[in-house]
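I have placed the structure first, in the form of structure tokens, so that the comments after it can refer back to it.
Numbered from 1 within each chain, the chains take letters A, B, ... in sequence-line order.
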There are 2 protein chains.
Amino acid sequence: MSLVSRNIRDYLRKVRTHRNVSVKNSPAPDLMAAACPSRDVLRRLTGRWGMLVLWALAEGPQRFGSLRRQVGGISERMLAQTLQGLETDGLVLRHDFGTVPPHVEYALTPLGHEAAARVDALLGWIESSLPRIAQGWNG
Amino acid sequence: MSLVSRNIRDYLRKVRTHRNVSVKNSPAPDLMAAACPSRDVLRRLTGRWGMLVLWALAEGPQRFGSLRRQVGGISERMLAQTLQGLETDGLVLRHDFGTVPPHVEYALTPLGHEAAARVDALLGWIESSLPRIAQGWNG
DNA sequence: CAGTATCCGTATTGATACTG
DNA sequence: CAGTATCAATACGGATACTG
């Protein structure tokens with residue numbers, strides 16, 4: 001048993017006593033409601049590829065192929081689908097130069113940059129915290 | 001030895017030896033690599049229910065039933081499964097009081113609180129930005 | 001109360017082939 | 001280059017029944 005687990009009782013008591021009473025006071029966020037339209041946005045954003053694509057675009061506009069190479073493991077099909085979803089929510093702008101051969105660039109909208117900032121914070125945390133997270137996987 | 005464990009080992013070695021080569025001035029994030037174990041963490045966190053459960057727990061420890069009522073639309077099956085996933089990554093602690101009838105409480109670990117802070121930022125943004133996002137849905 | 005076991009339909013995804 | 005179309009495999013998730 002890990003050190004954390006041994007102290008679980010103490011830990012739970014500490015957290016409980018520090019719990020503010022706002023649980024009952026403040027109404028449950030809309031996202032907690034099963035029918036909230038935010039759920040759709042959440043799913044398009046947090047699908048298997050959404051946040052990774054947004055993360056990649058945070059560095060600057062990119063073409064389809066470049067994006068596909070940067071996001072490891074994504075198929076053409078899923079990249080196209082993911083980009084369309086992000087476009088639906090106004091996070092990504094698609095610009096077709098109309099040339100032959102095709103040249104299409106994807107860029108974050110101002111709204112997309114706002115989202116990307118939050119995504120950056122989360123993905124960056126996961127990455128930098130992986131050693132600590134992985135510690136629990138073996139013991 | 002599990003496949004995951006082997007991946008972790010490889011991953012940690014790569015990190016130690018600074019194997020990754022950056023394309024631009026900022027290095028390509030490891031999460032962009034298809035084989036990065038962070039991808040597993042990301043998927044457990046950004047599954048359909050992960051972030052919502054984390055969000056709910058951010059307010060304080062809760063029992064299984066309470067959690068289920070707060071997160072609208074989640075089934076017992078998926079709540080149990082989601083909580084186990086979050087436990088795997090050391091974000092959530094499960095404490096079974098061992099009583100009859102059963103009394104089990106779930107709480108965020110310190111690591112979970114760090115994650116929840118990022119999740120809060122993202123979900124909160126989605127919620128508050130929904131009006132602007134929805135504007136693009138019609139015109 | 002807090003789950004687990006099983007069944008089964010659906011959604012998501014990958015592979016492959018094809019197009020302008 | 002930047003996609004789309006189609007099919008097949010699988011992962012996901014809900015409903016129901018059951019347990020200590």
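Within the 4.5 Å cutoff, no side-chain heavy atoms of Trp55(B) are placed close to those of Leu122(B). Side-chain contact between Val41(B) and Trp137(A) is present, with heavy atoms from C-beta onward closer than 4.5 Å.
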Run the side-chain contact (heavy atoms from CB on, under 4.5 Å) check on Leu52(A) and Arg39(B) step by step: do they pass? CA-CA 10 Å; Leu52(A) 290 171; Arg39(B) 288 277 182 99; 3.4 Å; yes
**Request:** Check the pair Leu57(B) / Val92(B) against side-chain contact (heavy atoms from CB on, under 4.5 Å), numbers first and verdict last.
**Result:** CA-CA 9 Å; Leu57(B) 283 174; Val92(B) 163; 3.7 Å; yes
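Annotated stems with DNA chain D as a participant read C:1-20 with D:1-20, given as range with range, by first number; only runs of 3 or more Watson-Crick or G-U pairs under 3.5 Å qualify.
Counting non-hydrogen atoms under 4.0 angstrom, Gln84(B) reaches the backbone sugars and phosphates but no base. Among the protein residues, Arg68(B) comes within range of no part of the nucleic acid, since none of its heavy atoms lies under 4.0 Å from any strand. Across all strands shown, Tyr106(A) has heavy atoms under 4.0 Å from sugar-phosphate atoms exclusively, and none from any base.
Toward the 5′ end of DNA chain D lies the nearest nucleotide of Arg69(A), the other residue of the pair Trp49(B) and Arg69(A) mapping further downstream. Sequence order on DNA chain C of the closest nucleotides to Pro102(A) and Glu76(A) puts Glu76(A) first from the 5' end.
By the criterion of side-chain heavy atoms lying less than 4.5 angstrom apart, applied directly or through intervening Ile, Leu, Val, Met, Phe, Trp or Tyr residues, Leu93(A) is not grouped with Ile133(B); the two fall into different hydrophobic clusters.
Reading DNA chain C from its 5' end, the first and the last nucleotide to sit under 4.0 Å from a heavy atom of chain A are dT13(C) to dG20(C).
For the pair Arg44(B) CZ and dA11(D) P, the interatomic distance rounds to 15 Å; values are reported in whole Å.
Note: Leu31(B) CG to Ser38(B) OG = 4.5 Å, rounded to the nearest 0.5 Å. With rounding to the nearest 0.5 Å, the separation of CG in Leu86(B) from OG1 in Thr109(B) is 9.5 Å.
Of the residues Arg68(A), Gln70(A), Glu105(A), the one that meets the side chain to side chain donor-acceptor pair (under 3.5 Å) test with Gln62(A) is Gln70(A).
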